[in-house]
Asker: 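What follows is a single structure, and I will ask about it in a moment.
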Amino acid sequence: METADVVVIGGAVTGASVAWHLKAARRFWGRVVVLERDPAYAKASTALAASGIRHQFSNETNIRISQYGTDFIREFRGPDCEGLSFRENGYLILAGDEAGAAALRRNHALQRACGADVALLAPPEIAARFPHLNVEGLALGSLGLSGEGWFDNMALLRGLRVGSQAAGAEWRRDEAVGVKMAGDRVAAVRLASGAEIACGHVVNAAGTRAALVAGWAGIDLAVEPRKRTVFHFTCQTPPAGRLPLMIDASRLWCRPEGEGFIAGIGPDPDPAVDHDDFEPRYAEFEETVWPLLAARSPAFEAIRLTGVWAGHYAWNTLDQNAVIGLHDACANLIFANGFSGHGLQQAPAVGRGIAELIMDGGYRTLDLSALGIMRMEGGAPNAEAGIY
Ligand SMILES: Cc1cc2nc3c(=O)[nH]c(=O)nc-3n(C[C@H](O)[C@H](O)[C@H](O)COP(=O)(O)OP(=O)(O)OC[C@H]3O[C@@H](n4cnc5c(N)ncnc54)[C@H](O)[C@@H]3O)c2cc1C
């Protein structure tokens, strides 16, 4: 039977980052095989994301993960990658009441203590910086001054994949369909093609399908697909200036994209959906997105819808944060799942951390244990105060 030291299930941004950190960054001696069922990435969250990165989290681990992400995104070059087109325009997070403002202030203190370049803005300061915004009803804003923005998601994925291949990782178009267990270890991964690969470690980087992979090892993983619809529009009179990714008090988000903008909002209700259901929820635009946009800016009153798509979050139902590392029930299946709405920016630090788990037996640079999978068993959430 074929053998590999590491089999990575899922070759989108998380799996690619694991392979890149193992082979290109750390020169791992062993054989690494990345399995990807759809190299076109038609349904991968990675390809359907808004591609933002922020330091404005309420959880220190997430802040530090994104700080490494920013350094990585700024500097990344590869055999097939000249850079990631990082638009460092910041996130502007708005609070509409005193409770929201208090959360922003608390988060700000932690972010500053971690060295994040963020500023709190009173409503008149928001209006001075972004004159198109209607600040009525706002209590406070928080703006990333550097290190935050958005970047080319597919350039990152391609760069990691090609870079890892150049360093010896083997990429294969195939689907993992099960595992063979030997006691508390995965002995081999079974493939749709009929092949089996005996393995040292397995990395679950299967995105919204992560719970299926976990189930093969007898582990229940509370991660499910949740649909997010993204709307692209142009404005009759576009607002000028260097505009950030805005997260309104309503949780509507909006950022510049090309000649226009993209925007979306988490729906309510927000049920789990079928893995293959990518039908956009068109009605959200008229019912929620457009009215909220128009209320926040007169520039968003006269707009034309120019595109729409739907993607899936891999939604961690416990706390909407990443689930990383080994589970007590299986000695060699490493999880990198449940990123909900922020896995693209976390891929560099998570890939590095998993490479350390495999090569060093523990985290060496940034301790990711606060995001360990065993918290899912104890039901002890590690949730963000605010945004997913
Ligand atoms: C609308 C939207 C907006 C977003 N905006 C942002 C954002 O602004 N910033 C941010 O950081 N994140 C954002 N995200 C989240 C981010 O896209 C994801 O967290 C991240 O891309 C997850 O990457 P992944 O590689 O873990 O999973 P995925 O990209 O879902 O990839 C999983 C891969 O595994 C493959 N696979 C699954 N099962 C198997 C199997 N059995 N065998 C072989 N291959 C398999 C799949 O084909 C897929 O390619 C957004 C997501 C969406 C949907």
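Order of listing sets the numbers, starting from 1, for every ligand and every atom in it. The first residue in the sequence is number 1, and the count goes up from there. Please read these numbers as outputs of a predicted model, since none were measured by experiment.
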Asker: Output all residues satisfying side-chain hydrogen bond (donor to acceptor under 3.5 Å, both in side chains) with E287, sequence neighbours left out; order by chain, then residue number.
Answerer: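 Not a single residue meets the side-chain hydrogen bond (donor to acceptor under 3.5 Å, both in side chains) criterion with E287.
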Asker: Can a side-chain donor-acceptor contact be found between T365 and R352 if the only test is distance below 3.5 angstrom?
Answerer: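 A pair is found: one side chain offers a donor N or O, the other an acceptor, under 3.5 Å apart.
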Asker: If you measure every N/O of Q345 against every N/O of ligand 1, is any gap under 3.5 Å?
Answerer: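 Indeed, backbone or side chain, Q345 has an N or O that close.
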Asker: Any idea which protein heavy atom is nearest atom 31 (O) of ligand 1, and the distance to it?
Answerer: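 Result for atom 31 (O) of ligand 1: A12 CB, 3.0 Å.
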Asker: Between T306 and H232, is any side-chain donor less than 3.5 angstrom from a side-chain acceptor?
Answerer: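 Side-chain D/A pair, T306 to H232: present.
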Asker: If we count only N and O atoms by modelled type, under 3.5 Å, do the side chains of Q320 and H342 hold a donor and an acceptor together?
Answerer: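 No donor-acceptor contact under 3.5 Å links the two side chains.
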Asker: Looking at non-hydrogen atoms alone, which of G338, G207, G264 comes nearest to atom 27 (O) of ligand 1?
Answerer: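 It is G207 whose heavy atom sits nearest to atom 27 (O) of ligand 1.
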Asker: May I ask you to decide if the ring planes of Y68 and H21 are parallel, tilted or perpendicular, using 30° and 60° as cut-offs?
Answerer: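 The arrangement is tilted - the two ring planes meet at 30° to 60°.
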Asker: Quick one: does T208 get an N or O within less than 3.5 Å of an N or O on ligand 1?
Answerer: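 N/O-N/O distance under 3.5 Å: no.
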Asker: Of all the non-hydrogen atoms in the protein, which one sits nearest to atom 52 (C) of ligand 1, and at what distance?
Answerer: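 Ranking protein heavy atoms by distance from atom 52 (C) of ligand 1, first comes Y313 CE2, 3.4 Å.
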Asker: Whether R228 engages the ring of W315 as a cation-pi pair (distance to the six-membered ring centre under 6.0 angstrom, angle to the ring normal within 45°) should be assessed.
Answerer: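 That pair qualifies as a cation-pi contact.
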Asker: Do me a favour and list the nearest non-hydrogen protein atom to atom 41 (N) of ligand 1 with residue, atom name and distance?
Answerer: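 Residue, atom and distance for the closest contact: A176 O, 3.0 Å.
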Asker: Report yes if some N/O of L344 lies less than 3.5 Å from some N/O of ligand 1; otherwise report no.
Answerer: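 Right, the criterion is met.
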Asker: With backbone taken as N, CA, C and O and side chain as the heavy atoms from C-beta onward, which portion of A310 lies under 4.0 Å from ligand 1: side chain, backbone, both, or neither?
Answerer: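 A310 to ligand 1: no contact under 4.0 Å from either part.
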Asker: Mind checking whether V230 has an N or O less than 3.5 Å away from an N or O of ligand 1?
Answerer: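 In fact, backbone or side chain, V230 has no N or O that close.
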Asker: Is any N or O atom of I9, backbone or side chain, closer than 3.5 Å to an N or O atom of ligand 1?
Answerer: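 So ligand 1 has no N or O lying under 3.5 Å from an N or O of I9.
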Asker: Do NZ/NE/NH1/NH2 and the carboxylate oxygens of R26 and D360 come within less than 4.0 Å?
Answerer: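 Result for this pair is yes, salt bridge flagged.
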Asker: Answer side chain, backbone, both or neither: which part of Y41 comes under 4.0 Å from ligand 1, heavy atoms only.
Answerer: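 The answer is the side chain of Y41.
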Asker: Heavy atom of D174 under 4.0 Å from ligand 1?
Answerer: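 In this structure, D174 qualifies as a contact of ligand 1 - some heavy atom is under 4.0 Å.
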Asker: Applying ring pair (Phe, Tyr, Trp, His ring centres under 6.0 Å) between F231 and each of W290, F300, F285, report the one that passes.
Answerer: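 Between F231 and the candidates, ring pair (Phe, Tyr, Trp, His ring centres under 6.0 Å) is satisfied uniquely by F285.
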Asker: Has ligand 1 got any nitrogen or oxygen that is less than 3.5 angstrom from a nitrogen or oxygen of E36?
Answerer: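 Yes, E36 has an N/O under 3.5 Å of an N/O on ligand 1.
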Asker: Could you see which bit of L48 sits under 4.0 Å from ligand 1, with heavy atoms only: side chain, backbone, both or neither?
Answerer: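 The answer is the backbone.
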Asker: For D220, look at atom CG and say whether over 12 heavy atoms of other residues, nucleotides or ligands are found less than 6.0 Å away.
Answerer: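 No, CG of D220 has 12 or fewer neighbouring heavy atoms, counting only those of other groups under 6.0 Å.
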Asker: With nothing but distance in play, are any N or O atoms of A44 less than 3.5 Å from an N or O of ligand 1?
Answerer: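 No, since none of the N or O atoms of A44 sits under 3.5 Å from an N or O of ligand 1.
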Asker: If you count the non-hydrogen atoms of other residues, nucleotides and ligands that lie under 6.0 Å from CZ in R129, is the total more than 12?
Answerer: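 Atom CZ in R129 is not crowded, with 12 or fewer foreign heavy atoms closer than 6.0 Å.
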Asker: When only distance counts, is T46 in polar contact with ligand 1, meaning an N/O pair under 3.5 Å?
Answerer: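 So ligand 1 has an N or O lying under 3.5 Å from an N or O of T46.
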Asker: Counting non-hydrogen protein atoms only, what is the nearest one to atom 8 (O) of ligand 1? Give residue, atom name and distance.
Answerer: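 The closest one turns out to be G52 N, 2.8 Å.
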Asker: Would R255 and E257 pass as an ion pair if we require N to O under 4.0 Å?
Answerer: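 Yes.
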Asker: Which bit of A314 gets closer than 4.0 Å to ligand 1, counting heavy atoms only: side chain, backbone, both or neither?
Answerer: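 It is neither; nothing of A314 touches ligand 1.
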Asker: With nothing but distance in play, are any N or O atoms of G343 less than 3.5 Å from an N or O of ligand 1?
Answerer: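 Indeed, backbone or side chain, G343 has an N or O that close.
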Asker: Who's the nearest protein heavy-atom neighbour of atom 45 (C) of ligand 1, and how far?
Answerer: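 For this ligand atom, the closest protein heavy atom is R37 CD, 3.4 Å.
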Asker: One residue to check: H312. Relative to ligand 1, which of side chain, backbone, both or neither has a non-hydrogen atom less than 4.0 Å away?
Answerer: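 It is the backbone that touches ligand 1; the side chain stays farther off.
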Asker: Of the options I9, L357, V34, I358, which is the one that meets V203 in a side chain to side chain contact (heavy atoms under 4.5 Å, CB included)?
Answerer: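 Only one of I9, L357, V34, I358 forms a side chain to side chain contact (heavy atoms under 4.5 Å, CB included) with V203, namely I358.
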Asker: Once you restrict to heavy atoms under 4.0 Å, what part of A205 touches ligand 1? Side chain, backbone, both or neither.
Answerer: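 Near ligand 1, A205 shows its backbone, while the atoms from C-beta on stay back.
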Asker: Tell me: protein heavy atom nearest atom 13 (C) of ligand 1, and distance?
Answerer: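 I find the closest protein heavy atom is G341 O, 3.1 Å.
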Asker: Examine W216 against ligand 1 and note whether any of their N/O atoms are separated by less than 3.5 Å.
Answerer: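 Not met; the criterion fails.
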Asker: Any salt bridge linking D270 with R226? Criterion: basic side-chain nitrogen under 4.0 Å from a carboxylate oxygen.
Answerer: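 A salt bridge is present here (some side-chain N lies under 4.0 Å from a carboxylate O).
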Asker: Under a 4.0 Å N-O cut-off, is there an ion pair linking D38 with K43?
Answerer: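 So D38 does not pair with K43 through a salt bridge.
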